[in-house]
2 protein chains.
Amino acid sequence: MVEDIVKSLGFLCLGSRFRRIGERLQADTQRIIEEFGVPIQSAQYPFLAAIDRAGPLTTGQLAQAVGITQPGATRIISQLQELGYVDMQTSVEDQRRKLVSLTPKGRELVDFSKRLVWPRIERAVSELCDDLPGPILEQLTAIESRLADAPLANRGKFDKEQKS
Amino acid sequence: MVEDIVKSLGFLCLGSRFRRIGERLQADTQRIIEEFGVPIQSAQYPFLAAIDRAGPLTTGQLAQAVGITQPGATRIISQLQELGYVDMQTSVEDQRRKLVSLTPKGRELVDFSKRLVWPRIERAVSELCDDLPGPILEQLTAIESRLADAPLANRGKFDKEQKS
DNA sequence: ACGTATTATATAACTTGTTATACAATTTGT
DNA sequence: ACAAATTGTATAACAAGTTATATAATACGT
């Protein structure tokens, strides 16, 4: 057995570690989605959930809601459009904006998912995170809000002792 | 302002959320690496650290040490080879194995990084994670070890009440 | 000892994110 | 009112992971 260097290095490799856990969770979530025979990728689901929750949104708003960049959002939206789950129409007041909304097929998929797929995923992930030594979601929120306040590169420039 | 759907959905989108935090951290770490003018990607660093710590390793051992798949490791190793930081030699006992080791240039980079770059990154990330409401690294370890025990798809198949 | 199974690495095609940039529509300043 | 700046979306090139599969070397069973 080889040492898990990313784990051993701790804070130094936290980015790699978050990412690999995220990738693993997304892949495993995909397995659950497939159990239900839903022909969708796990990365596409948050877009449907966002529109379901907030009504038609523009590309930029969706990117913001899902927390990825606009070009990434553009691509996923066009995939969902190809699959027939959403359609887009240019806004009348501002023709630069494209409003993305659920088609009837998309509505049906969301309703089915809310009833069966999402609860199943949520139960699996809750069980995975059950009895962790701390409130994991709160900590993620704290990390993200700290990163929004100041990028990592502005932190820890000097040893703690030297500060102020 | 648009609601952060990934945050709002909590456990349901934990995979996306871990992944986006990881990507953000890796991108920010890259900025710090660039401050030092080191011509390397943040994803390549763990490979150098693994060899530094454990001596020459095969491609497969490196993949395991870093926690990614073998094809991913193969690619990063050949990048490091192109950059002149590592070289490979087929093992004499088993000619399928390729042993990856640091070149003098790689050794120099690792020594410089251990002295200046890695402590800087570690301080930044520690500060970021300072005073979180829980031991974040321990929780990540717990999540990873639970995932290694049983994939997500085997969890939460029934409501808690129905279990046994 | 020789055919078959296994193991280690390489390669191809894909996924899901990124940054940089182009282009069209709107807004702003004079 | 119109030139310049800004904003919203699209596109291209890239990064870093994935799965599936090929190929070569080794190990195993009869």
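These numbers come from a predicted model, not from an experiment. Reminder, nothing fancy here: chain letters follow the sequence lines and each chain counts from 1.
Judged as a salt bridge (Lys or Arg N to Asp or Glu O under 4.0 Å), and not counting sequence neighbours, the contacts of A:E34 are A:R31. Scored by the side-chain hydrogen bond (donor to acceptor under 3.5 Å, both in side chains) test, B:E82 finds no partners at all (sequence neighbours excluded). Taking A:T103 as the reference, nothing meets the side-chain hydrogen bond (donor to acceptor under 3.5 Å, both in side chains) condition, with sequence neighbours excluded.
A distance-only check finds no donor-acceptor pair linking the side chain of B:E138 to the backbone of B:P135 [under 3.5 Å]. Within the 3.5 Å criterion, the main-chain N or O of A:S42 finds a donor-acceptor partner in the side chain of A:Q30. Proximity of a side-chain donor or acceptor of B:K105 to a complementary backbone N or O of B:V86 within less than 3.5 Å is not detected. Side-chain N or O atoms of A:Q70 include none that pairs as donor or acceptor with a backbone N or O of A:G60 at under 3.5 Å.
Taking the charged nitrogens against the carboxylate oxygens, B:E23 and B:R19 do have a contact shorter than 4.0 Å, which makes a salt bridge. Using a 4.0 Å cut-off between charged side-chain N and carboxylate O, A:D111 and A:R115 make no salt bridge.
If you check residues 88-95 of chain B against DNA chain D, the residues with a heavy atom closer than 4.0 Å are B:E93, B:D94, B:Q95, listed by number. Of all the residues in residues 54-81 of chain B, B:T58, B:T59, B:G60, B:Q70, B:P71, B:T74 reach under 4.0 Å from DNA chain C with at least one non-hydrogen atom. Within residues 39-52 of chain A, the residues approached by DNA chain C to less than 4.0 Å at the level of any non-hydrogen atom are A:Q41, A:A43, in residue-number order. Taking every heavy atom of residues 16-35 of chain A and every atom of DNA chain D, pairs under 4.0 Å involve A:R19, A:E23, by number. Annotation: proximity of residues 140-148 of chain A to DNA chain D (heavy atom, distance under 4.0 Å) is found for no residue.
No side-chain donor from either of A:S91 and A:Q95 sits under 3.5 Å from a side-chain acceptor of the other. Residues A:S126 and A:E122 have side chains that never bring a donor and an acceptor to within less than 3.5 angstrom of each other.
Contact check for A:W118 versus B:L9: no side-chain heavy atoms found under the 4.5 Å cut-off. In this structure, B:V125 and A:L12 have side chains that are not in contact, with every pair of non-hydrogen atoms separated by 4.5 Å or more. Looking at B:R155 and A:R123, their side chains never come closer than 4.5 Å, going by heavy atoms from C-beta outward. Using a 4.5 Å heavy-atom cutoff, the side chains of B:I76 and B:Q41 are not in contact.
In the 5' to 3' direction, nucleotides of DNA chain C lying under 4.0 Å from heavy atoms of chain B begin and end at C:dT7 to C:dG17.
In terms of hydrophobic clustering, with Ile, Leu, Val, Met, Phe, Trp and Tyr side chains grouped at heavy-atom distances under 4.5 Å, B:I68 and A:V2 are assigned to different clusters.
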Show me the side-chain donor-acceptor pairs of residues 141-150 of chain A shorter than 3.5 Å, one per line, residues at least two apart or across chains.
{"unit_1": "A:T141", "atom_1": "OG1", "unit_2": "A:L137", "atom_2": "O", "d": "3.0"}
{"unit_1": "A:T141", "atom_1": "OG1", "unit_2": "B:R17", "atom_2": "NH2", "d": "2.8"}
{"unit_1": "A:E144", "atom_1": "OE1", "unit_2": "B:R17", "atom_2": "NE", "d": "3.0"}
{"unit_1": "A:E144", "atom_1": "OE1", "unit_2": "B:R17", "atom_2": "NH2", "d": "3.4"}
{"unit_1": "A:E144", "atom_1": "OE1", "unit_2": "B:R20", "atom_2": "NH2", "d": "3.2"}
{"unit_1": "A:E144", "atom_1": "OE2", "unit_2": "B:R20", "atom_2": "NE", "d": "2.8"}
{"unit_1": "A:E144", "atom_1": "OE2", "unit_2": "B:R20", "atom_2": "NH2", "d": "3.3"}
{"unit_1": "A:R146", "atom_1": "NH1", "unit_2": "B:L128", "atom_2": "O", "d": "2.6"}
{"unit_1": "A:R146", "atom_1": "NH1", "unit_2": "B:D130", "atom_2": "O", "d": "2.6"}
{"unit_1": "A:R146", "atom_1": "NH2", "unit_2": "B:D130", "atom_2": "O", "d": "3.1"}

Compile the donor-acceptor pairs under 3.5 Å between side chains in residues 48-59 of chain B and protein atoms, sequence neighbours left out, one pair per line.
{"unit_1": "B:D52", "atom_1": "OD1", "unit_2": "B:R107", "atom_2": "NH2", "d": "2.5"}
{"unit_1": "B:D52", "atom_1": "OD1", "unit_2": "B:K114", "atom_2": "NZ", "d": "3.4"}
{"unit_1": "B:D52", "atom_1": "OD2", "unit_2": "B:K114", "atom_2": "NZ", "d": "3.0"}
{"unit_1": "B:R53", "atom_1": "NH1", "unit_2": "A:E3", "atom_2": "OE2", "d": "3.1"}
{"unit_1": "B:T58", "atom_1": "OG1", "unit_2": "B:Q61", "atom_2": "N", "d": "3.2"}
{"unit_1": "B:T58", "atom_1": "OG1", "unit_2": "B:Q61", "atom_2": "OE1", "d": "3.4"}

Self-check item: Verdict with supporting geometry, A:V100 and A:F47, side chain to side chain contact (heavy atoms under 4.5 Å, CB included)
Solution: CA-CA 10 Å; A:V100 183; A:F47 286 77; over 6 Å; no

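B:E108 CD: 12 or fewer foreign heavy atoms inside a 6.0 Å radius.
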Check: protein-nucleotides 4-6 of chain D nitrogen or oxygen pairs below 3.5 Å:
none

